[in-house]
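Report on the following structure.
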Amino acid sequence: MSTEKPTTTPAATTARELSQERTRAWLDSMDDEELESITESSVVDSLDDEYYDEEYEHGTSSEITTMALGTQIPASKQSLINETLRDLMNSINSIQTVGNVNISNSTNVHIGNVTNINGNIQIIAETLRPRRERRKVSVTEVPAPSQDPEESEERVSSDAFISSQKFKIPKEICSINPRHTWLAQEPMEEPMPLKLPVNYVVILHTATESSEKRAINVRLIRDMQCFHIESRGWNDIAYNFMIGCDGNIYEGRGWKTVGAHTLGYNKIALGISFIGCFMRRLPTPDALNMLRNLLAHGVEEGYIAPEYRLVCHCQCNSTESPGRRLFEEIQTWPHFYNIEKEQQ
């Protein structure tokens, strides 16, 4: 049995020698720092996760290797390298760059894409698959029959593998959607200032439909303002603030303006109304949490007295507002004030 060695033509040998001579001349012209940078850039890692995984599964994965300049690349790897370089160039080209920008005497300047998000945010962080499988190993002393009892057996801990993690941003920060976000029209007359800090906070409901969608709540608030101005003849929407079941706080007349929510209490109280009807059910947990945050924020900012009294609309006027179920809930909150008991 005979084997034939691959023959190399003189032309191919001459071309390779010429390429090597040019490479040596080019390297001789570089200083030490440039040579170090070139050496680092010649390190080739696993070029593609999918390619690497296939090799790893078959036990043929290669370690990190170096490739000298001028070395011919096998045809089997040429397509893989070309694809990797193409992806790299595409990722570089997708990055937006801004040059020669000079900004002075300006505020609120944004360069590039800006995304504003209002409301609940849930971040789902998919963990990246590592290039090399890393396993958390717990060493336990389990002697095997054929082993020395002092030897230990490695066992893989199943709780070391996490496919995804979920982070829900807490809502301790009180975020209020200003009037322009729901297309509010200007008050018909000059607003009347509210004496601060207020000693009372009145909880109401709008007795309308409710929704966990921001767009629907915006429409409901806009319709309420039109009804209060055109049908009731009021100066503006009645409430100081509104809270939707979407977990958003919407600015009505705000902190500093007298409202038209509760007869006899408008000049001494803030009126906060939940969007919906809550006779048999409660607002969403996010909506209730927003009321707590709004009250705490009002106290911190000096709009609400620290020892304020929390009352419901039905305690002040003959009405079902804020709904029987919500009234029962508010009675369990701190600062709730029993007007009937005080009057007796």
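Model, not experiment: these values are computed from the prediction. Only this structure's heavy atoms are used, side chains among them; waters, hydrogens and symmetry mates stay out.
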Could you tell me if the side chain of [Y] sits less than 4.5 Å from the side chain of [X], heavy atoms only?
X    : Y    : result
I176 : F241 : yes
L183 : V218 : no
R309 : V201 : no
N235 : I229 : no
F327 : M279 : no
I272 : L294 : yes
P322 : C314 : yes
R179 : Y250 : no

task: Apply side-chain contact (heavy atoms from CB on, under 4.5 Å) to the pair I304 and L270, showing each step before the final yes or no.
output: CA-CA 8 Å; I304 303 175; L270 285 170; 3.7 Å; yes
To the nearest 0.5 Å, how far apart are [atom1] in [X] and [atom2] in [Y]?
X    : Y    : atom1 : atom2 : answer
F278 : T206 : CZ    : OG1   : 7.0 Å
I249 : N293 : CD1   : CG    : 6.5 Å
E301 : C174 : CD    : SG    : 9.5 Å
L310 : I203 : CG    : CD1   : 5.0 Å
S231 : M224 : OG    : CE    : 13.5 Å
S321 : L204 : OG    : CG    : 4.5 Å

query: Hey, is CG on L263 packed in by over 12 heavy atoms from elsewhere, all under 6.0 Å?
result: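 No, the 6.0 Å shell around CG holds no more than 12 heavy atoms from other groups.
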query: Which is it for W333 and L291 under the side-chain contact (heavy atoms from CB on, under 4.5 Å) test, yes or no, and what are the steps along the way?
result: CA-CA 11 Å; W333 286 30; L291 174 59; 3.5 Å; yes
So, for [X] and [Y], which heavy atoms are closest and what is the spacing to 0.1 Å?
X    : Y    : answer
H205 : S273 : C-OG, 3.3 Å
P197 : G302 : CB-O, 3.4 Å
P283 : F274 : CG-CD2, 3.8 Å
N266 : L194 : O-CD1, 3.7 Å
I221 : M242 : CG2-SD, 3.8 Å
L196 : K256 : CD1-CG, 4.0 Å

Ignoring hydrogens and geometry, is there a side-chain-to-backbone donor-acceptor pair from [X] to [Y] under 3.5 Å?
X    : Y    : result
T284 : C245 : yes
N240 : G271 : yes
E300 : L295 : no
T262 : Y265 : no
H228 : I237 : no
R253 : D236 : yes
S211 : I216 : no
Q225 : R222 : no
T257 : G254 : no

query: Do R324 and E320 sit within salt-bridge range, that is, some charged N less than 4.0 Å from a carboxylate O?
result: yes
field: Residues E329, R281: salt bridge by 4.0 Å N-O rule
entry: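 Salt bridge absent between E329 and R281.
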task: Report yes if the distance between the aromatic ring centroids of H335 and Y308 is under 6.0 Å, otherwise no.
output: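 Centroid separation for H335 and Y308: below 6.0 Å.
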message: As a quick check of understanding, evaluate side-chain contact (heavy atoms from CB on, under 4.5 Å) for V198 and W255, giving each step before the final call.
response: CA-CA 10 Å; V198 296; W255 295 110; over 6 Å; no
field: Cluster link W234 to F227, ILVMFWY, side chain under 4.5 Å
entry: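 No; tracing contacts between hydrophobic side chains, which count when under 4.5 Å, never links both residues.
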- prompt: Just one of N177, T208, D246 clears the side-chain hydrogen bond (donor to acceptor under 3.5 Å, both in side chains) bar with N217, so which one?
  reply: D246
query: If you draw the axis of the six-membered ring of W182, does the NZ or CZ of R214 fall within 45° of it and under 6.0 Å from the ring centre?
result: no
